[in-house]
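Working notes for the structure below.
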Amino acid sequence: MNCIFCQIAAGEIPAQKVYEDDRFFAFHDVAPTAPVHVLLIPKTHIASIAAMTDAEEAAEMPGFFAAIRTITRQLGIEEGGYRLVVNTGADGGQTVPHFHAHIIGGKALGWPPFHD
Ligand code: 5GP
Ligand code: ZN
């Protein structure tokens, strides 16, 4: 599978890993937009929320929010707060077609998060 995030999860492309369990893998974004910017992905290739089937969600997504709690606690941003971003599809600005949640924090973030 020629997917950069599948290759990162498999250890075939190096990344700064912050978390791993049976289903999920998390690593620092190569181009951070805040002091903490981590990407959380399922190890199974799922292109996006739009492409995810109900069966894939049931099989691959349990533990997603628990992983976020563990990661944010580990990185010291659980108390201060953080933002989850899941860019989806062309208008959503998704550039890597393997579902990922951006976990962004480490400073007070502005709102709204988008611009033209
Ligand atoms: P998207 O735009 O799809 O929501 O987010 C893709 C994210 O993946 C971007 O923030 C980008 O910086 C990050 N990214 C792309 N390629 C790599 C890579 O090879 N390694 C790491 N660590 N992050 C990457
Ligand atoms: Zn993939």
Side-chain angles (χ1 to χ4, degrees):
M1 167 81 69
N2 188 25
C3 167
I4 193 167
F5 285 0
C6 281
Q7 290 172 296
I8 285 175
E12 294 163 9
I13 288 178
Q16 280 185 271
K17 179 168 104 172
V18 301
Y19 175 83
E20 183 173 11
D21 64 27
D22 288 352
R23 289 197 180 96
F24 300 105
F25 192 92
F27 53 99
H28 290 284
D29 195 293
V30 76
T33 59
V36 173
H37 188 165
V38 165
L39 301 174
L40 173 62
I41 64 172
K43 290 179 171 177
T44 296
H45 183 81
I46 297 171
S48 71
I49 293 176
M52 190 183 300
T53 65
D54 292 351
E56 281 173 332
E57 181 177 351
E60 308 299 340
M61 298 308 288
F64 179 70
F65 290 106
I68 289 167
R69 285 189 289 277
T70 301
I71 291 162
T72 53
R73 196 174 308 133
Q74 183 181 311
L75 296 175
I77 61 170
E78 190 179 44
E79 229 175 282
Y82 52 89
R83 182 169 296 158
L84 301 180
V85 174
V86 183
N87 296 326
T88 304
D91 281 1
Q94 184 175 5
T95 61
V96 177
H98 180 130
F99 170 83
H100 51 282
H102 298 254
I103 304 171
I104 300 165
K107 69 171 188 179
L109 302 166
W111 190 265
F114 46 80
H115 54 82
D116 291 329

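Both ligands and their constituent atoms are indexed starting at 1 by order of listing. Residue indices begin at 1 and follow the sequence shown. Scope of the values below: all heavy atoms of this structure, side chains included, with no hydrogens, waters or symmetry mates.
Following chains of ILVMFWY side-chain contacts shorter than 4.5 Å, one can reach F24 starting from L75, so the two form part of one hydrophobic cluster. No continuous path of hydrophobic side-chain contacts links I8 to V18 [ILVMFWY only; heavy atoms under 4.5 Å].
Aromatic ring centres of H100 and H98: separated by at least 6.0 Å.
In this view, Y19 and D21 satisfy the side-chain hydrogen bond (donor to acceptor under 3.5 Å, both in side chains) rule, not counting sequence neighbours. For the side-chain contact (heavy atoms from CB on, under 4.5 Å) test, residues two or more places apart in sequence or in another chain that qualify with T33 are H37, I104.
Expressed to the nearest 0.5 Å, how far OG1 of T72 lies from OH of Y82 amounts to 4.0 Å. A distance of 11.5 Å separates CG in L39 from CD in Q16, rounded to the nearest 0.5 Å.
Between F27 and F5, the ring planes are perpendicular. Angles over 60° get that label, and only those under 30° would be called parallel.
For E79, the CD atom is loosely surrounded, since the number of other residues' heavy atoms within 6.0 Å does not exceed 12.
Protein N/O/S atoms closer than 2.8 Å to the Zn ion (ligand 2), listed by chain and residue number, are C3 SG, C6 SG, H45 ND1, H98 ND1.
For ligand 1, the protein residues placed under 4.0 Å by at least one non-hydrogen atom are I4, F5, I8, F27, H28, D29, V30, A31, L39, N87, G93, Q94, T95, V96, H100, H102.
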